**Student:** 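Can you read through this structure? Questions will come right after.
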Amino acid sequence: SGLRRWVLGKGNVSSLVNIVHVNRAPVVRAGLRWMIEGHSDLAIVADAETSREGVDLACEFEARILVTEVDVPDPAACFADLRALRERGAGIAVIVFTRFDDASTFARAESAKVEGFLTQFAPAATIVSVLEQVAAGHRRLIPPEPDIAADAVAWGSPASDAARLLSQRELEIVRLIATGLSVKQVAIALERSPKTVEAHKSRIMNKLQLHDRVGITRWAIREGLVEP
């Protein structure tokens, strides 16, 4: 199943901040383990390669924190599993730790009400700091770009009225962009040229008074076009 379990060699597990890490890349799993090695209050008790395995292990080990990538196996499945974890009421905090540094991924994580977000490009000290802050009960989301928070959605009109401004083709493009696809990937999915999709995207943002992909994603979530 790709699932990896670890047994702590020393210390009392209950006295530590137990962490389950979900990532398909062995080098990333090893890297996070190395980063927290000198912190006696943090311990990775299990690794997994899919979000479902991670959720099950987090509950089994009564973990304090679940650290996860988003394409495990894909963003839709991952965020669905995170919602299922929250519905269990296990009190397990979630940190999205991802190589995707785009606005859409951040918006989806923020809407999913995760306790932490940061990219794998962050300095080791920052990564450990986020783990410690979340373990202490704080919410710590670090946007992939410093100005991303300033590019928030400007909700110009009621959601139902705004939706009527878009054609069916434009709504489909919104759905695809909100799931994290690039313009090129949307063009492939719809069998259109990237130039055509880019033109649609510009019209969509103009109609809805949005400024970027994060705005499109938040709008799509609010409209129920995609799940957070």
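Predicted model, so just to flag it, every value in this text is computed and none were measured.
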**Student:** Report yes if some heavy atom in the side chain of V20 is under 4.5 Å from a heavy atom in the side chain of I92; otherwise report no.
**Tutor:**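 SC-SC contact between V20 and I92 ruled out.
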**Student:** Write down the atom of V197, the atom of A187, and the distance for their closest heavy-atom approach.
**Tutor:**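 Where V197 meets A187 most closely, the heavy atoms are CG2-CA, 3.7 Å.
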**Student:** Just verifying a value: how many Å separate H211 NE2 and N206 CG, rounded to the nearest 0.5 Å?
**Tutor:**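 These two atoms lie 11.0 Å from each other.
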**Student:** Could you tell me which non-hydrogen atom of A220 sits nearest to which non-hydrogen atom of A178, and how far apart they are?
**Tutor:**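 Answer, listing the atom of A220 first, then A178: CB-CB, 3.6 Å.
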**Student:** Kindly compute the distance separating CD1 (I221) from CD (E110), expressed to the nearest 0.5 Å.
**Tutor:**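 Reported to 0.5 Å precision, the distance equals 9.0 Å.
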**Student:** T179 side chain to L176 main-chain N or O, any donor-acceptor pair under 3.5 Å?
**Tutor:**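 Confirmed, T179 side chain pairs with L176 backbone.
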**Student:** Passes side chain to side chain contact (heavy atoms under 4.5 Å, CB included), E37 versus L42? Steps please.
**Tutor:** CA-CA 8 Å; E37 193 171 35; L42 301 174; over 6 Å; no
**Student:** Is there any salt bridge (charged side-chain N to carboxylate O under 4.0 Å, His left out) pair reaching into residues 175-192, and which pairs are they, with sequence neighbours excluded?
**Tutor:**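 Of all non-adjacent pairs touching residues 175-192, those that pass salt bridge (charged side-chain N to carboxylate O under 4.0 Å, His left out) are E172-R175.
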**Student:** Do V130 and F97 make a side-chain contact, defined as non-hydrogen atoms from C-beta onward lying under 4.5 Å apart?
**Tutor:**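 In short, these two side chains do not touch, never coming nearer than 4.5 Å.
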**Student:** Is the shortest heavy-atom distance from the side chain of W219 to the side chain of L166 under 4.5 Å?
**Tutor:**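 Yes - at least one pair of side-chain heavy atoms lies under 4.5 Å apart.
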**Student:** Between F117 and F106, what is the ring plane arrangement, given parallel below 30°, perpendicular above 60°, and tilted in between?
**Tutor:**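 If you compare the ring of F117 with that of F106, the planes turn out perpendicular.
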**Student:** Report whether I95 and I127 are members of the same hydrophobic cluster (ILVMFWY, side-chain heavy atoms less than 4.5 Å apart, transitive linking).
**Tutor:**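 Both belong to a single hydrophobic cluster.
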**Student:** In the structure I gave you, are the side-chain heavy atoms of V28 and Q120 within less than 4.5 Å of one another anywhere?
**Tutor:**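 Of all side-chain heavy-atom pairs linking Q120 with V28, at least one is under 4.5 Å.
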**Student:** Is the closest side-chain heavy-atom distance between V72 and E49 below 4.5 Å?
**Tutor:**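 Answer no - side chains too far apart.
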**Student:** Tell me whether V226 is reachable from L181 by hopping between hydrophobic residues (I, L, V, M, F, W, Y) whose side-chain heavy atoms are closer than 4.5 Å.
**Tutor:**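 L181 does not cluster with V226.
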**Student:** Test side chain to side chain contact (heavy atoms under 4.5 Å, CB included) on R88 and V55 and set out the steps.
**Tutor:** CA-CA 10 Å; R88 292 191 190 186; V55 166; 3.9 Å; yes
**Student:** For side chain to side chain contact (heavy atoms under 4.5 Å, CB included), just list the numbers for E170 and K207, CA-CA rounded to whole Å, side-chain angles, deciding distance to a tenth of an Å, and then say yes or no.
**Tutor:** CA-CA 11 Å; E170 288 170 337; K207 287 179 179 181; 2.8 Å; yes
**Student:** Does any non-hydrogen side-chain atom of L190 lie less than 4.5 Å from one of I173?
**Tutor:**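 Heavy-atom side-chain distance check passes, below 4.5 Å.
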**Student:** To the closest 0.5 Å, what do you measure between OG1 (T196) and CZ (R169)?
**Tutor:**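 Rounded to the nearest 0.5 Å, the OG1-CZ separation comes out at 10.0 Å.
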**Student:** Please test T68 against S51 for side-chain hydrogen bond (donor to acceptor under 3.5 Å, both in side chains), starting from the C-alpha separation and ending with a verdict.
**Tutor:** CA-CA 7 Å; T68 185; S51 52; 6.0 Å; no
**Student:** Main chain of A107, side chain of R218: is a donor-acceptor contact present, judged purely on distance under 3.5 Å?
**Tutor:**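 No.
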**Student:** Do R64 and D41 meet the salt-bridge criterion of a basic N to acidic O distance under 4.0 Å?
**Tutor:**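 No, D41 and R64 are not salt-bridged.
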**Student:** If I take atom CZ from residue R108 and atom SG from residue C78, how far apart are they, to the nearest 0.5 angstrom?
**Tutor:**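 R108 atom CZ to C78 atom SG measures 9.0 Å (nearest 0.5 Å).
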**Student:** Salt-bridge test for R86 and E115: reply yes if a basic N is under 4.0 Å from a carboxylate O, no otherwise.
**Tutor:**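 Judged by the 4.0 Å cut-off on N to carboxylate O distance, R86 and E115 do form a salt bridge.
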**Student:** Cluster question for you: counting only ILVMFWY and a side-chain heavy-atom cut-off of under 4.5 Å, with indirect links fine, are M35 and F121 together?
**Tutor:**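 M35 and F121: separate clusters.
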**Student:** If you look at every heavy atom in G54 and V22, which pair is closest and at what distance?
**Tutor:**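 Of all heavy-atom pairs spanning G54 and V22, the closest is CA-CG2, 3.6 Å.
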**Student:** Do the side chains of E69 and R99 get close enough for a salt bridge, i.e. N-O under 4.0 angstrom?
**Tutor:**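 Looking at E69 and R99, the cut-off is met.
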**Student:** Compare every heavy atom of F79 with every heavy atom of A112, then report the nearest pair and how far apart it is.
**Tutor:**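 Nearest pair, atom of A112 first, then F79: CB-CD2, 3.8 Å.
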**Student:** Judged by atom type as modelled, is there a donor-acceptor pair below 3.5 Å linking the side chain of R24 to the main-chain atoms of D71?
**Tutor:**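 Yes; judged by distance alone, with no hydrogens or angles, the pair exists.
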**Student:** What distance separates I36 CD1 from R33 CZ, expressed to the nearest 0.5 Å?
**Tutor:**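 Output value for this atom pair is 7.0 Å.
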**Student:** With the side chain counted from C-beta on, respond yes when H138 and V134 share a heavy-atom pair under 4.5 Å apart, and no when they do not.
**Tutor:**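 A side-chain contact under 4.5 Å is absent here.
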**Student:** Assess the side chains of T126 and S129: does a donor N or O sit below 3.5 Å from an acceptor N or O?
**Tutor:**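 Looking only at side-chain atoms, S129 and T126 do not form any donor-acceptor pair under 3.5 Å.
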**Student:** Looking at A48 and R29, what are the two nearest heavy atoms and their distance?
**Tutor:**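 Heavy atoms of A48 and R29 come nearest at O-CD, 4.4 Å.
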**Student:** Assess the residue pair L225 and V174 against the criterion (side chain to side chain contact (heavy atoms under 4.5 Å, CB included)); give the C-alpha distance rounded to whole Å, side-chain angles, the decisive distance to 0.1 Å, and a yes or no.
**Tutor:** CA-CA 8 Å; L225 298 177; V174 166; 3.9 Å; yes
**Student:** Considering non-hydrogen atoms only, spot the tightest contact between A109 and V96 and give its length.
**Tutor:**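 In this case the closest contact between A109 and V96 is CB-CG2, 4.1 Å.
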**Student:** State the CG-CD1 distance between L16 and I44, to the nearest 0.5 angstrom.
**Tutor:**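 Separation between the atoms: 12.0 Å.
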**Student:** Quick one: are V183 and K201 in side-chain contact, heavy atoms under 4.5 Å?
**Tutor:**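 Yes, at least one pair of side-chain atoms sits under 4.5 Å.
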